[in-house]
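So that the names make sense, note that chain A is the first sequence line, chain B the second, and so on, each numbered from 1.
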Amino acid sequence: MNDQPGTLNEYNPQAIEKKWQQFWEQHQTYRIHIDPTRPKYYVLDMFPYPSGAGLHVGHPLGYVASDIFSRYKRVLGFNVLHPMGFDSFGLPAEQYAIQTGQHPALTTGQNITRYIEQLKNLGFSYDWNREVRTSDPGYYKWTQWIFEELFKSWYNYKTDRAEPIETLIQEFGHRGNSRVQAACDEDVPTFSAAEWKAMSAEAKYAFTLKYRLTYVAEATVNWCAGLGSVLSNDEVKDGVSERGGFPVEQKLMRQWMMRITAYAQRLLDGLNTIDWTESLKEQQRNWIGRSVGAMVKFGVDQHADKSIEVFTTRVDTIYGVTFMVLAPEHELVSKITTNAQKQEVAEYIESTKKRSERDRMADVKTISGAFTGAYAINPFNEQPVPIYIADYVLAGYGTGAVMAVPSGDQRDWNFAKHFDLPIVPILDGQQNLEKEADATKEGKYINSGIIDGLTYAEATPVLVAWMEERGIGKAKINYRLRDAVFGRQRYWGEPVPVYYKEGENGQPLPYLIPADELPLELPSVNKYLPTETGEPPLGRAEGWKYKSEYAYELSTMPGWAGSSWYWYRYMDPENNQEFASPEAIDYWRDVDLYLGGTEHATGHLLYSRFWNKFLKDRGFVPEDEPFKKLINQGMIQGRSNFVYRVVSEEYSKPVFVSAGLRDQYGTTPLHVDVNIVENDVLDVAKFKASRPDIAGENAEFILEAGKYLCGVEVEKMSKSKLNVVNPDDIVARYGADTLRLYEMFLGPLEQAKPWNTNGIDGTFRFIRKFWRLFYNENGQWLVTDYAPNKDELRVLHKTIKKVQEDTENFSFNTAVSAFMVCVNELGSLKCAKKSILTELVILLSPYAPHVTEELYAALGHEAGTLSSATFPTWQAELMLEDAFEYPIQINGKVRATISFPLDTMPSDIEKEVLANETVQKWMEGKSPKKVIVVPKRIVNVVI
RNA sequence: GCCGGGGUGGUGGAAUAGGUAGACACGCAGGACUUAAAAUCCUGUGAGCCGCAACGCUCGUACGGGUUCGAUUCCCGUCCCCGGUACCA
């Protein structure tokens with residue numbers, strides 16, 4: 001590879017790309033507007049967090065794909081919205097601020113500038129006039145506004161949608177709250193209309209707080225002391241914070257929460273209406289975790305006033321219950337434990353507390369628990385069963401209590417064996433109960449009171465009816481999904497627009513900052529750390545308007561707030577009156593194609609769907625689902641190179657052995673910078689220069705075939721592993737088009753793959769060859785006006801067809817291959833004719849918009865872009881040009897062909913008759929034994 | 001464990017309503033050009049066999065079976081890899 005590709009007469013990407021970037025900027029080529037005469041198409045990339053490291057080499061993968069698709073849709077006549085922006089609130093900028101004292105807005109701004117520069121270098125067709133930044137006050141004004149709208153709303157299960165809080169207050173005034181079916185706090189007492197009317201205005205207000213979609217609650221949260229903040233479940237991995245790796249503990253705190261659980265069922269149902277990958281939908285389904293079952297109330301022996309409620313998905317096994325298990329944290333534990341068992345129970349609770357979350361997860365096999373001494377009464381047969389506590393029952397799921405059926409559940413079975421508790425079979429279909437539990441639903445019930453002799457399908461309704469009659473249980477659907485914690489004790493985020501006033505009972509009540517005073521701007525602080533009294537950094541706020549009168553909410557919103565609605569802001573980014581105008585929303589509606597990584601499956605993508613459904617309920621947006629189709633680009637992993645240092649007393653100087661020969665020596669592998677390795681061959685001179693400490697002048701290298709080959713391993717891309725490849729370096733050397741094409745060529749878009757540049761020369765050669773179709777060896781323009789011949793048309797039409805199919809399927813790697821074949825074939829045909837090239841450019845422009853600049857002028861296109869809509873016309877030409885040919889195999893060998901014009905699709909029978917005739921002719925009248933016609937392309941004949 | 005996706009040359013990967021496996025590219029080898037190198041171009045390149053050559057033959061898509069005229073593709077079983085999730089009652 002020449003280090004300076006491109007002389008004056010050669011393809012010179014640096015000059016071409018620079019020229020066209022300036023041109024696009026000047027002419028605002030990619031600026032788009034609402035155009036009711038054309039259909040819209042919205043292509044969205046997941047916007048990046050602008051980190052200090054600059055654009056990651058994995059980012060362009062998805063951006064290139066979405067850019068290709070945007071260009072493709074434009075060529076087909078769509079008005080394409082293709083914007084970019086920045087998710088610019090976040091922890092790293094704040095950490096940096098803590099270390100350096102620099103305002104996060106400053107560093108964030110610098111990072112964004114760099115990102116934009118890099119993105120523009122890559123030639124994306126974004127409309128930069130629509131750029132958004134979540135940390136701009138003009139943007140987060142509307143994030144705060146949505147928060148306030150959520151606060152002003154409640155979820156009505158009767159209408160199954162969110163409604164303004166006024167409709168709830170009205171209902172309270174009419175009939176109290178006994179008939180209200182709402183998503184609300186658990187501790188809401190029932191009251192009548194009269195009682196409601198008797199309440200003070202403030203008491204009424206306090207009451208509504210239990211129903212609003214954002215609310216304050218005492219919640220167990222993931223508290224990370226290292227970061228001084230609360231984290232969401234998806235920010236915690238293996239008991240430590242995802243960012244920074246600090247330990248995380250469970251802590252009870254007053255927190256802003258969002259009632260996403262109100263939408264659990266709709267979030268589940270909506271998945272059936274959208275075109276996402278099955279694995280992603282499955283992840284969301286698991287996260288929401290719907291299970292259908294029943295709540296059953298068990299009495300407690302000696303405690304007539306108490307009962308234990310359990311959730312079960314198998315009420316039909318109720319007669320097989322031989323013990324109960326409570327979570328150690330369950331509130332009844334202390335009340336029902338007998339004196340004799342007190343010490344054992346206390347010890348057990350103590351030991352579970354010591355076990356970290358991590359230990360509990362890692363160690364699933366150890367069976368432990370303690371007997372409380374109390375007994376529960378099975379409401380169906382009045383039999384007492386012992387109550388245990390055990391840490392395999394989770395306080396956070398269901399009621400924190402389970403009815404244990406050892407014959408049907410393996411964990412219960414294990415527990416029963418360990419504590420020597422009875423195992424009662426309840427179905428005649430159950431087998432091997434001595435060895436393991438059998439969760440079958442086959443057979444008829446035995447030992448089962450009112451359901452004896454029934455089947456599974458018959459039993460459940462009988463049991464539920466029996467329970468409901470007596471008020472001891474009911475059918476119930478349970479979700480794993482929890483309400484989302486909405487506060488972070490951090491500085492660099494949207495301030496929660498709330499202040500507090502002390503109420504009658506001395507408790508502070510939250511009130512919204514009036515909407516016309518939004519945005520509540522992030523105040524400046526002298527330090528980005530929590531205050532001495534342990535308040536969040538906003539405790540240091542200076543210049544807050546009402547600070548002397550009221551206490552402000554000091555937490556900020558979580559990272560996902562700003563990203564949960566940003567696709568609407570692109571529709572109308574400058575609007576200061578609304579988050580986007582109804583006109584813009586009505587035209588652009590929803591995202592037709594969304595590209596991004598799978599890592600957001602249970603975070604961003606779930607919260608966004610939640611907010612969207614809320615906005616829909618309140619009439620602000622028209623569509624129920626925000627992202628119609630979603631493609632996940634695979635993660636780009638790092639590809640590390642290694643050198644092998646020989647470990648031996650024999651040598652006084654450092655010795656490195658090539659990878660293929662390392663088995664013959666004892667060696668230690670060392671990471672080596674991938675940027676001084678090409679095709680896994682080490683540049684020894686550069687290596688020596690870069691590591692004088694170990695590889696200086698007198699180091700020895702044991703080569704194979706004259707080269708030093710490096711070892712390879714796929715790892716996460718990181719600085720310490722010396723495997724980071726900066727896209728800028730590639731662009732500087734080969735040009736953006738080569739990088740773009742290469743990233744597409746690397747493999748299927750959705751597949752995770754290690755980044756390596758081993759094949760990049762191939763795509764560079766291709767683009768150069770392509771360039772040469774247009775220019776002669778002196779760099780002069782070659783395009784002329786001759787009509788193409790049949791062979792040339794054939795090549796073009798074949799390519800157009802293939803590329804269109806591949807593009808529709810997001811199979812860009814095969815599309816690039818098809819281009820390569822096309823250019824090779826045209827090259828040998830010496831084809832350089834205007835009409836052919838017109839079509840070729842339409843195809844190629846998504847991938848290489850810079851290469852063919854002269855064409856814009858020569859063909860009279862609007863400069864710098866392509867708007868020709870010739871796609872529909874070529875297909876007709878293709879039909880006239882070509883024919884289907886069916887080879888006829890006789891005893892496995894091709895001996896003849898039959899052909900059909902493309903406009904007449906023969907039936908299989910017609911083919912068989914024709915094949916028969918052809919074979920007979922070929923064999924001079926002999927008749928074949930068997931003719932098998934295969935629809936696709938081959939006719940087999942057996943004689 | 002469960003759920004989802006995979007296993008094809010030296011490498012990245014093509015091809016699945018069943019129909020010439022290995023497109024395209026990298027790498028490698030040989031050749032042309034060159035004082036030389038780089039770049040470029042041409043030829044070859046799954047493994048093996050036969051032969052002067054042409055033609056041709058056998059085996060090959062993780063492994064073992066099955067269905068079929070025909071299986072990388074469909075079915076059953078096994079092994080391995082990647083991603084997600086985790087005591088969810």
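At least one side-chain nitrogen or oxygen of Arg768(A) sits closer than 4.0 Å to the OP1 or OP2 atom of rU40(B).
As rounded to the nearest Å, rU72(B) and rC87(B) have P atoms that lie 43 Å from one another. Rounded to the nearest Å, the gap between the P atom of rU78(B) and that of rC2(B) is 11 Å.
Among the atoms of the strands shown, none is found under 4.0 Å from any heavy atom of Arg285(A). Residue Glu278(A) is classed as having no contact, given no heavy-atom separation below 4.0 Å to the nucleic acid.
Taking Pro754(A) as the reference, Gln637(A), Arg639(A), Val714(A) meet the side chain to side chain contact (heavy atoms under 4.5 Å, CB included) condition, with sequence neighbours excluded. With sequence neighbours left out, the side chain to side chain donor-acceptor pair (under 3.5 Å) criterion links Thr814(A) to Asp806(A), Ser811(A). Applying the side chain to side chain donor-acceptor pair (under 3.5 Å) rule to Glu278(A) yields the partners Arg285(A); only residues at least two apart in sequence or on another chain are considered. With sequence neighbours excluded, the residues forming a side chain to side chain contact (heavy atoms under 4.5 Å, CB included) with Lys686(A) are Ile676(A), Asp683(A), listed by chain and number. Qualifying side chain to side chain contact (heavy atoms under 4.5 Å, CB included) partners for Val684(A), counting only residues two or more places apart in sequence or in other chains: Leu682(A), Lys688(A), Phe701(A), Tyr708(A). Partners of Gln284(A) by side chain to side chain donor-acceptor pair (under 3.5 Å), not counting sequence neighbours, listed by chain and number: Arg609(A).
Regarding the sugar-base torsion, rG65(B) falls in the anti class, its angle being beyond 90° of 0.
In the set rA89(B), rG27(B), rA86(B), rA89(B) carries the atom at the smallest distance from any side-chain atom of Thr313(A).
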Check nucleotides 6-14 of chain B against the protein and report each pair of N or O atoms closer than 3.5 Å, with its distance, or say if there are none.
from: rG12(B); atom 1: O2'; to: Leu746(A); atom 2: O; distance (Å): 2.8
from: rG13(B); atom 1: OP1; to: Gln751(A); atom 2: NE2; distance (Å): 2.5
from: rG13(B); atom 1: O3'; to: Asn813(A); atom 2: ND2; distance (Å): 3.4
from: rA14(B); atom 1: OP1; to: Asn813(A); atom 2: ND2; distance (Å): 3.0

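Between the side chain of Lys281(A) and the main chain of Leu268(A), no donor-acceptor pair closer than 3.5 Å is present.
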Listed pairs under 3.5 Å, donor-acceptor, residues 308-316 of chain A side chains, sequence neighbours left out:
from: Thr312(A); atom 1: OG1; to: Arg314(A); atom 2: N; distance (Å): 2.9
from: Arg314(A); atom 1: NE; to: Asp316(A); atom 2: OD1; distance (Å): 2.9
from: Arg314(A); atom 1: NE; to: Asp316(A); atom 2: OD2; distance (Å): 3.2
from: Arg314(A); atom 1: NH1; to: Ala439(A); atom 2: O; distance (Å): 3.1
from: Arg314(A); atom 1: NH2; to: Asp316(A); atom 2: OD2; distance (Å): 3.0
from: Arg314(A); atom 1: NH2; to: Thr440(A); atom 2: O; distance (Å): 3.3
from: Asp316(A); atom 1: OD2; to: Tyr445(A); atom 2: OH; distance (Å): 2.5

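Taking a pair as Watson-Crick or G-U wobble with both distances under 3.5 Å, RNA chain B forms stems of 3 or more consecutive pairs at B:1-7 with B:79-85, B:10-12 with B:24-26, B:27-32 with B:40-45, B:46-49 with B:56-59, B:62-66 with B:74-78.
Closest-nucleotide positions on RNA chain B for Gly400(A) and Arg765(A) were compared, and the one nearer the 5' end corresponds to Arg765(A).
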